[in-house]
Amino acid sequence: MDFPLPAHPGPAEDQLLVLQGDHRSSFVWEGQLSMQPLRPRRPDDLWEFIGEHPFHARVVARLQATGFYTIFELGRMQLDWSLITALVEQWRPETHTFHLPTGEATITLEDVQVLYGLRVDGRAVALPQYIRSMMRAQFLDMMMHFTGYRPQGDAGGSRVALSAIRYHMTFLHPDITGETEDLHIERYMRLALFLLFECVLFPNT
């Protein structure tokens, strides 16, 4: 019985997929990468923190109003690292699509809506131009304004240590009651969203 030869990962036409020479699939084909799967940032710390410090009902109500609470309700999901690695090797940044044997595919807003229950209609959120030129001190001042927390230390750039945010929320958690001022509830909610974005929605430095 004749077995088909393995298909080369490169494109049949290189006029569009010009990054093939540096693409991960080329290194895999040439045996330059190990067979170990990629290890993206794990969100376990977030779910362990929430398990130990469940949200007060007033915080839950605020999170529900943002439309992001459904992700907290989904909780920890078991990820298939090998499958994620295989998909990374099929991802083409030139076209923002996966090149699969059955054709091209991509992740759509409808997929996000169905899987996460997030809103995909309404006005788009864009980063104002002035924020792109802000210095670290200005970032930290803005974070202090919106969350009541200003990180210490020299992380560099606009980066913030997630462990420090969790520690700060642990300190605040026992003080949240039905009598807590709305301002403090809003700030705690924003810190919770910060962890969600960093650990689940955008788990990449």
Side-chain angles (χ1 to χ4, degrees), residues 39-81 83-84 87-88 91 96 106-132 134 139-151 155 157-205:
R39 301 297 293 179
R41 179 188 293 165
R42 300 178 67 89
D44 294 354
D45 289 346
L46 170 66
W47 305 122
E48 290 173 4
F49 172 81
I50 294 175
E52 296 170 359
H53 306 86
F55 295 134
H56 189 277
R58 294 180 63 195
V59 176
V60 170
R62 292 294 203 287
L63 289 170
Q64 289 173 331
T66 67
F68 288 103
Y69 189 67
T70 54
I71 302 179
F72 287 109
E73 291 180 304
L74 288 173
R76 186 197 313 255
M77 291 183 288
Q78 182 63 43
L79 301 178
D80 187 329
W81 303 115
L83 175 60
I84 292 174
L87 288 173
V88 167
W91 178 257
H96 295 281
T106 192
I107 300 171
T108 67
L109 285 177
E110 184 178 12
D111 296 325
V112 175
Q113 184 179 39
V114 170
L115 295 175
Y116 273 147
L118 296 179
R119 302 169 183 168
V120 297
D121 55 353
R123 299 179 63 185
V125 178
L127 190 66
Q129 186 63 37
Y130 75 89
I131 291 183
R132 301 175 189 271
M134 287 174 59
F139 273 114
L140 299 185
D141 289 342
M142 182 172 63
M143 187 169 184
M144 178 67 185
H145 174 74
F146 285 110
T147 68
Y149 171 67
R150 193 179 198 280
S158 58
R159 298 180 63 182
V160 177
L162 300 184
S163 57
I165 293 178
R166 289 196 301 270
Y167 179 80
H168 181 71
M169 293 177 70
T170 300
F171 176 77
L172 296 176
H173 189 268
D175 296 330
I176 297 179
T177 67
E179 305 301 321
T180 303
E181 293 183 24
D182 288 342
L183 174 63
H184 298 305
I185 298 296
E186 287 285 341
R187 287 176 167 178
Y188 190 92
M189 178 270 295
R190 288 171 179 150
L191 288 172
L193 288 178
F194 195 97
L195 292 181
L196 178 70
F197 294 156
E198 289 289 327
C199 295
V200 179
L201 294 180
F202 305 103
N204 189 301
T205 54

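These numbers come from the heavy atoms of this one structure, side chains and all, not from hydrogens, waters or symmetry mates. Keep in mind that what you see is a predicted model, and the values were worked out from it rather than measured.
For H53 (side chain) and F49 (main-chain N/O), a donor-acceptor pair under 3.5 Å exists by modelled atom type. Of the possible polar contacts, none joining the T147 side chain to the L191 backbone as a donor-acceptor pair under 3.5 Å is found.
Residue I107 places its CD1 atom among 12 or fewer non-hydrogen atoms of other residues, nucleotides or ligands, all under 6.0 Å distant. Within 6.0 Å of CD on E73 lie more than 12 heavy atoms contributed by other residues, nucleotides or ligands.
Note that the CG atom of L46 and the CG atom of L162 stand 9.0 Å from one another [nearest 0.5 Å]. In this structure, the separation between CG on L196 and CZ on R190 is 15.5 Å, given to the nearest 0.5 Å. In this structure, H145 NE2 and R187 CZ are separated by 8.0 Å, a value rounded to the nearest 0.5 Å. Distance check: L195 CG to I165 CD1 gives 5.5 Å after rounding to the nearest 0.5 Å. Considering SG of C199 and CD1 of I50, their distance stands at 9.0 Å, rounded to 0.5 Å.
Within the 4.5 Å cutoff, the side chain of I84 has no heavy atoms near those of the D80 side chain. Residues E110 and V114 form a side-chain contact, since some pair of their non-hydrogen atoms from C-beta on lies under 4.5 Å apart. In this structure, the side chains of W47 and F72 come closer than 4.5 Å at one or more pairs of heavy atoms.
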Between Y69 and F55, does a ring pair (Phe, Tyr, Trp, His ring centres under 6.0 Å) hold up when you go through it step by step? CA-CA 11 Å; Y69 189 67; F55 295 134; 7.0 Å; no

For L201 and Y116, run side chain to side chain contact (heavy atoms under 4.5 Å, CB included): C-alpha distance rounded to whole Å, both residues' side-chain angles, the deciding distance at 0.1 Å, then the answer. CA-CA 10 Å; L201 294 180; Y116 273 147; 4.0 Å; yes

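Looking at every heavy atom in both residues, T177 comes nearest to H56 through C-NE2, 3.6 Å. Minimum heavy-atom separation, L140 to P151: CD2-CD, 3.7 Å. Smallest separation of non-hydrogen atoms from E48 and R76: CG-NH2, 3.8 Å.
For R132, the side chain to side chain contact (heavy atoms under 4.5 Å, CB included) partners at least two apart in sequence or on another chain are L127, Q129. Every residue was checked against the salt bridge (Lys or Arg N to Asp or Glu O under 4.0 Å) condition with R119, not counting sequence neighbours, and none meets it. Under the salt bridge (Lys or Arg N to Asp or Glu O under 4.0 Å) criterion, D111 pairs with no residue at all, not counting sequence neighbours.
For residues 161-178, every residue pair satisfying the salt bridge (charged side-chain N to carboxylate O under 4.0 Å, His left out) rule, not counting sequence neighbours, is listed here: D45-R166. Evaluation of the ring pair (Phe, Tyr, Trp, His ring centres under 6.0 Å) test over residues 174-198, restricted to residues two or more places apart or in two chains, returns F68-F197. The stretch residues 53-63 participates, sequence neighbours left out, in these salt bridge (charged side-chain N to carboxylate O under 4.0 Å, His left out) pairs: R58-D182, R62-D182, R62-E186.
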